[in-house]
Structure formats: structure tokens, C-alpha cells
Undergrad: 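Provided herewith is a single structure, encoded as C-alpha cells, for subsequent inquiry.
It should be emphasised that the depicted structure is a prediction, and the values quoted were computed from it without experimental measurement.
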Amino acid sequence: MKILARILILLLLPILFVSKTGFSQSYCLSNRFSETAFFDSSAIRIDSNIVFSNPVHAFTNIRENLIIDIYYPDISIDSLPLRPFILLIHGGAFLGGSRHDMDYQCMEYARRGFVAATIEYRLGWNCAGTDIFSICLLCQQNPNDIITATYCAAQDARAAFRFIHANANQYHIDNNYLFVGGESAGGITALNSTFWDQTEASAFDPNGISRAGLLDTAGNSLTDTYEVRAVINSCGSITRDSFLLNNGNIPVINFHDEFDCVVPPQYGQVISCICQPFYWTAGSEVVYSKLNANGICSKYYQVPLSTNHCSFPK
């Protein structure tokens with residue numbers, strides 16, 4: 001759990017300065033949000049199979065019910081009136097993966113006092129047939145399709161945050177302290193959904209609006225606005241490094257293999273070692289350097305000399 005502890009420390013950095021923000025609740029609490037679990041697993045409640053969004057798939061034109069599972073300390077046991085929230089997003093190249101890939105992390109965050117959630121998002125690159133991975137990764141698809149899939153994933157993450165913000169009272173969530181993290185495609189989604197505005201999203205995907213609609217209107221009719229306080233980026237990237245400075249002072253912690261070619265830690269094209277190179281991104285090393293150079297808190301943990309993807313110790 002050492003990596004989790006480091007993540008929690010970064011997440012709490014903005015919280016420790018609560019007196020400067022004007023927010024009423026501080027989370028500098030003994031034993032909570034630390035390397036040691038505060039609650040037993042039996043004290044954690046899981047609300048599963050909740051539909052948070054119902055968007056139309058950009059390629060199939062079929063409406064999908066997207067699911068969120070929410071993990072939280074039992075309100076009858078937890079004396080804290082409000083708890084910080086973290087959304088965790090699975091990887092899978094925008095083709096596969098499952099929200100259940102993040103079940104363990106959600107449980108561990110909840111045991112430490114967070115409310116945590118894992119979500120589904122729309123998958124697929126406009127591939128025909130049943131074996132999506134082999135068809136897509138054999139380069140038989142339009143390279144622009146993964147761009148739209150990336151755009152849609154950001155839409156779905158933002159829809160999840162609107163849902164959480166609107167239902168915060170039910171789970172005793174403090175909407176002043178919302179966090180997001182993800183692995184691989186989930187890390188890309190965490191960064192893009194946090195730092196993009198519509199202009200930036202449309203610069204990345206000029207077909208995004210025509211194929212999938214606006215960034216903040218897809219999937220549900222909620223109009224809640226929210227602020228993400230920090231991001232966990234595990235082997236992900238952002239579509240353009242300049243976007244990091246356009247949305248406020250948001251800390252980011254990064255984890256990456258030094259020679260990852262699926263999502264390069266520096267500037268590079270995603271999936272360049274498996275198939276034709278796709279879109280250009282700025283990886284963890286760039287995210288860290290860009291934020292640090294501008295006085296924004298950031299950390300970077302690297303697996304030296306590793307060519308693997310997402311192998312950082314959990």
C-alpha cells in the first residue's frame with residue numbers, strides 16, 4: 001500500500017491549506033486518508049449497477065446505459081459528516097477493460113475514508129466484427145476513430161462527475177473535494193476530462209461535436225458544475241501540454257514506465273509499438289515538467305529502463 005499512501009498524500013495537499021480556500025471542513029484527521037486502513041471491509045457499502053448516463057454511441061448510434069459503482073464507509077458507522085470523493089477510470093485502449101478492474105482500488109480508498117467510484121464509458125473504434133481487439137489493432141480502422149473514442153470517454157467521465165455532484169448528499173460527499181484517477185486510457189481520460197474545455201476538446205477532435213455532441217451535455221441532462229482538485233495519472237497522457245495551464249492550479253501525480261511505447265511518457269504517438277502510430281500526446285514526464293515549471297504541485301514516479309506498460313508497483 002506504499003503507492004496508495006503517496007497518492008493520498010498528494011491528494012491531501014490542497015486540502016491541508018483549507019484555511020486559504022474558505023471551505024468549512026478540514027481533512028487533517030488522525031489515521032484517516034493514510035497508508036493504514038481506517039475501516040474494515042465489512043464497514044464499506046457498495047451501491048452497484050447505477051445508471052449515471054445514457055449516451056448514444058458515436059459509431060453504432062445505439063444508446064447505452066453506463067454504470068457507476070459507488071464504494072463508501074457506512075454512514076451509520078462513519079462519524080464524518082462529509083467525505084472526499086475519487087472517481088477511478090479503467091484502461092483498455094478505449095476498446096476493452098471493465099469498471100471492475102478498479103474494484104480493489106475503490107475498496108481500499110473507501111476503507112481509508114473516501115467515497116470512491118468506478119465507471120463504464122463508451123468503448124470501441126468503429127470496428128466491424130466480434131473480435132474488436134484484433135480487428136482494430138491490425139490497423140484496419142480509421143485513425144480518427146480512436147480520437148473520437150477518446151473524446152467520448154471524456155464526455156462520460158464528466159457526466160459521471162455531474163451525477164456525483166447532483167447526488168452528493170446521499171453519500172455524504174464533500175463537493176469541494178472531488179478527485180479523479182485512471183490507468184492507461186483511464187489516465188488519458190482523467191487528464192483530458194479535467195483539463196479540457198470545449199474549445200480544446202474540439203481542437204483535438206474536430207468531429208467530436210458532430211459525432212457525439214458537446215463535452216458537457218452527453219448522456220444526462222444534469223447541469224451541475226464541479227471542480228476537480230487533483231489527478232492521479234497512471235501511464236496516461238494529455239492531448240496537448242498547453243491545456244494543463246488553462247484550468248487552474250490542479251496537482252497531478254504521475255506513474256510511468258521509462259520506455260513505454262503504448263502511451264509514451266514523453267511526447268509521442270499512442271500505440272506506436274503495436275500498430276500504426278495514432279495521435280500525438282504529452283505523457284507523464286511532460287505533465288510533471290510542465291506543471292512543476294509553472295509552480296503547480298506535481299510528482300513523477302518512474303520504472304527505470306522498463307519497456308512495459310502500466311507496470312508501476314500497485
Undergrad: Measuring centre to centre across the rings, with the benzene-like ring taken for any Trp, is Trp125 within less than 6.0 Å of Phe278?
TA: yes
Undergrad: Using the side-chain contact (heavy atoms from CB on, under 4.5 Å) rule, pick out the option among Gln105, Met107, Glu108 that qualifies with Tyr71.
TA: Met107
Undergrad: Considering all heavy atoms of both residues, which atom of Leu178 and which atom of Asn175 are nearest to each other, and what is their separation?
TA: CG-O, 3.6 Å
Undergrad: Please check if the side chain of Ser210 supplies one atom and the backbone of Asn207 the other of a donor-acceptor pair under 3.5 Å.
TA: yes
Undergrad: Show the nearest heavy-atom pair for residues Leu66 and Glu120, with the distance to one decimal.
TA: CA-OE1, 3.7 Å
Undergrad: Is a side-chain N or O of Gln155 found less than 3.5 angstrom from the main chain of Gly213, in a donor-acceptor match?
TA: yes
Undergrad: With clusters built from Ile, Leu, Val, Met, Phe, Trp and Tyr whose side-chain heavy atoms come within less than 4.5 Å, directly or transitively, what are the remaining members of the cluster of Leu305, listed by chain and number?
TA: Phe259
Undergrad: Answer with yes or no whether the hydrophobic clustering places Ile46 together with Ile77; edges join I, L, V, M, F, W, Y residues whose side-chain heavy atoms lie under 4.5 Å apart.
TA: yes
Undergrad: Between Val180 and Ile89, does the side-chain contact (heavy atoms from CB on, under 4.5 Å) criterion hold? Intermediate values first, please.
TA: CA-CA 8 Å; Val180 65; Ile89 308 172; 3.9 Å; yes
Undergrad: Please give me the minimum heavy-atom distance between Ala218 and Ala159, naming the atom from each residue.
TA: O-CB, 3.8 Å
Undergrad: Under a 4.0 Å N-O cut-off, is there an ion pair linking Asp174 with Arg229?
TA: no
Undergrad: Once rounded to the nearest 0.5 Å, what's the spacing between atom CD1 of Ile70 and atom CZ of Phe85?
TA: 6.5 Å
Undergrad: Mark yes or no for whether Asn167, through its side chain, and Phe163, through its backbone, hold a donor-acceptor pair below 3.5 Å.
TA: yes
Undergrad: Any luck finding a side-chain donor-acceptor pair between Asn233 and Ser284 under 3.5 Å?
TA: yes
Undergrad: Do Val270 and Val286 share a hydrophobic cluster (ILVMFWY, side-chain heavy atoms under 4.5 Å, transitive)?
TA: no
Undergrad: OH of Tyr300: more than 12 outside heavy atoms within 6.0 angstrom?
TA: yes
Undergrad: With sequence neighbours left out, what residues match Thr225 under side-chain contact (heavy atoms from CB on, under 4.5 Å)?
TA: none
Undergrad: Ile296: which residues meet the side-chain contact (heavy atoms from CB on, under 4.5 Å) condition with it, sequence neighbours left out?
TA: Leu245, Asn249, Leu291
Undergrad: Please tell me whether Tyr279 and Val263 are part of a single hydrophobic cluster in this structure, the criterion being side-chain heavy atoms less than 4.5 Å apart.
TA: yes
Undergrad: For the residue pair Ser289 and Glu285, confirm or rule out a side-chain donor-acceptor distance under 3.5 Å.
TA: no
Undergrad: Please check if Phe39 and Leu88 belong to a single hydrophobic cluster, counting links between Ile, Leu, Val, Met, Phe, Trp and Tyr side chain heavy atoms closer than 4.5 Å.
TA: no
Undergrad: Quick one: do Val303 and Phe255 satisfy side-chain contact (heavy atoms from CB on, under 4.5 Å)? Show the steps, please.
TA: CA-CA 8 Å; Val303 183; Phe255 302 89; over 6 Å; no
Undergrad: Who are the salt bridge (charged side-chain N to carboxylate O under 4.0 Å, His left out) partners of Asp156, not counting sequence neighbours?
TA: Arg122
Undergrad: Have Arg158 and Ser193 got a donor and an acceptor in their side chains that come within less than 3.5 Å?
TA: no
Undergrad: Any chance you could measure Ile188, atom CD1, to Cys235, atom SG, to the nearest 0.5 Å?
TA: 8.5 Å
Undergrad: With the side chain counted from C-beta on, respond yes when Ser41 and Arg111 share a heavy-atom pair under 4.5 Å apart, and no when they do not.
TA: yes
Undergrad: Show which residues join Ile67 in its hydrophobic cluster (side-chain heavy-atom contacts under 4.5 Å, direct or indirect), or state none.
TA: Val51
Undergrad: So Phe59 and His57, would you call those rings parallel, tilted or perpendicular, with 30° and 60° as cut-offs?
TA: tilted
Undergrad: If hydrophobic clusters are built from ILVMFWY residues whose side chains come within less than 4.5 Å, do Ile119 and Ile44 share one?
TA: no
Undergrad: Taking side-chain contact (heavy atoms from CB on, under 4.5 Å) as the definition, give me every residue that meets it alongside Leu123, ordered by chain and number, with sequence neighbours left out.
TA: His90, Tyr121
Undergrad: Rounded to the nearest 0.5 Å, what's the gap from OG on Ser202 to CG on Leu214? Could you check?
TA: 7.5 Å
Undergrad: Calculate, to the nearest 0.5 Å, the distance between atoms OH and NZ belonging to Tyr301 and Lys299 respectively.
TA: 6.0 Å
Undergrad: Is it the case that over 12 heavy atoms from other parts of the model lie below 6.0 angstrom from the CG atom of Asn169?
TA: no
Undergrad: If you look only at pairs with a residue in residues 239-263, which of them pass as a salt bridge (charged side-chain N to carboxylate O under 4.0 Å, His left out), with sequence neighbours excluded?
TA: none
Undergrad: Only pairs at least two apart or in different chains count here, so list each salt bridge (charged side-chain N to carboxylate O under 4.0 Å, His left out) that has a residue in residues 54-75.
TA: Arg45-Asp74, Asp69-Arg99
Undergrad: So, taking the atom named CG in Asp47 and the one named CD1 in Ile68, what distance separates them when rounded to the nearest 0.5 Å?
TA: 10.0 Å
Undergrad: Taking only residues two or more places apart in sequence or in another chain, which ones pass side-chain contact (heavy atoms from CB on, under 4.5 Å) with Phe38?
TA: Asn31, Arg32
Undergrad: Okay, side chain of Glu227, backbone of Asn176: is any donor-acceptor separation there less than 3.5 Å?
TA: no
Undergrad: Once side-chain hydrogen bond (donor to acceptor under 3.5 Å, both in side chains) is applied, do any residues pair with Asn65, and if so which ones, sequence neighbours excluded?
TA: Asn54
Undergrad: Atom CD in Gln269, atom OG1 in Thr281: separation rounded to 0.5 Å?
TA: 9.0 Å
Undergrad: Using the rule given for side-chain contact (heavy atoms from CB on, under 4.5 Å), can you reason through Phe94 versus Thr150, listing the C-alpha separation, both sets of side-chain angles and the distance that settles it, and then say yes or no?
TA: CA-CA 7 Å; Phe94 303 101; Thr150 302; 3.5 Å; yes
Undergrad: What I want to check is whether the side chains of Tyr288 and Asn292 have a donor and an acceptor closer together than 3.5 Å.
TA: yes
Undergrad: Centre-to-centre under 6.0 Å for Phe33 and Phe114, is that the case here?
TA: yes
Undergrad: Which atom names give the shortest non-hydrogen contact between Ala149 and Gly124, and what distance separates them?
TA: CB-O, 3.6 Å
Undergrad: Provide the closest heavy-atom pair for Ser237 versus Asn192 in the form atom of the first, atom of the second, distance.
TA: O-OD1, 4.4 Å
Undergrad: Suppose we call two aromatic rings close when their centres sit under 6.0 Å apart. Are Tyr72 and Tyr171 close by that rule?
TA: yes
Undergrad: Check the pair Asp78 / Arg83 against salt bridge (Lys or Arg N to Asp or Glu O under 4.0 Å), numbers first and verdict last.
TA: CA-CA 10 Å; Asp78 188 5; Arg83 293 83 68 89; 2.6 Å; yes
Undergrad: Taking only residues two or more places apart in sequence or in another chain, which ones pass ring pair (Phe, Tyr, Trp, His ring centres under 6.0 Å) with Tyr151?
TA: none
Undergrad: Can Asp224 and Arg162 be said to form a salt bridge (Lys or Arg N to Asp or Glu O under 4.0 Å), step by step?
TA: CA-CA 5 Å; Asp224 293 60; Arg162 294 196 303 273; over 6 Å; no
Undergrad: Could you walk me through whether Phe195 and Phe243 pass the ring-ring contact (aromatic ring centres under 6.0 Å, His included) test, one step at a time?
TA: CA-CA 6 Å; Phe195 289 101; Phe243 296 165; 9.3 Å; no
Undergrad: What is the minimum heavy-atom distance between Leu191 and Ile238, and which atoms define it?
TA: CD1-N, 3.9 Å
Undergrad: Which salt bridge (charged side-chain N to carboxylate O under 4.0 Å, His left out) pairs, counting each pair once, include a residue from residues 187-206, with sequence neighbours left out?
TA: none
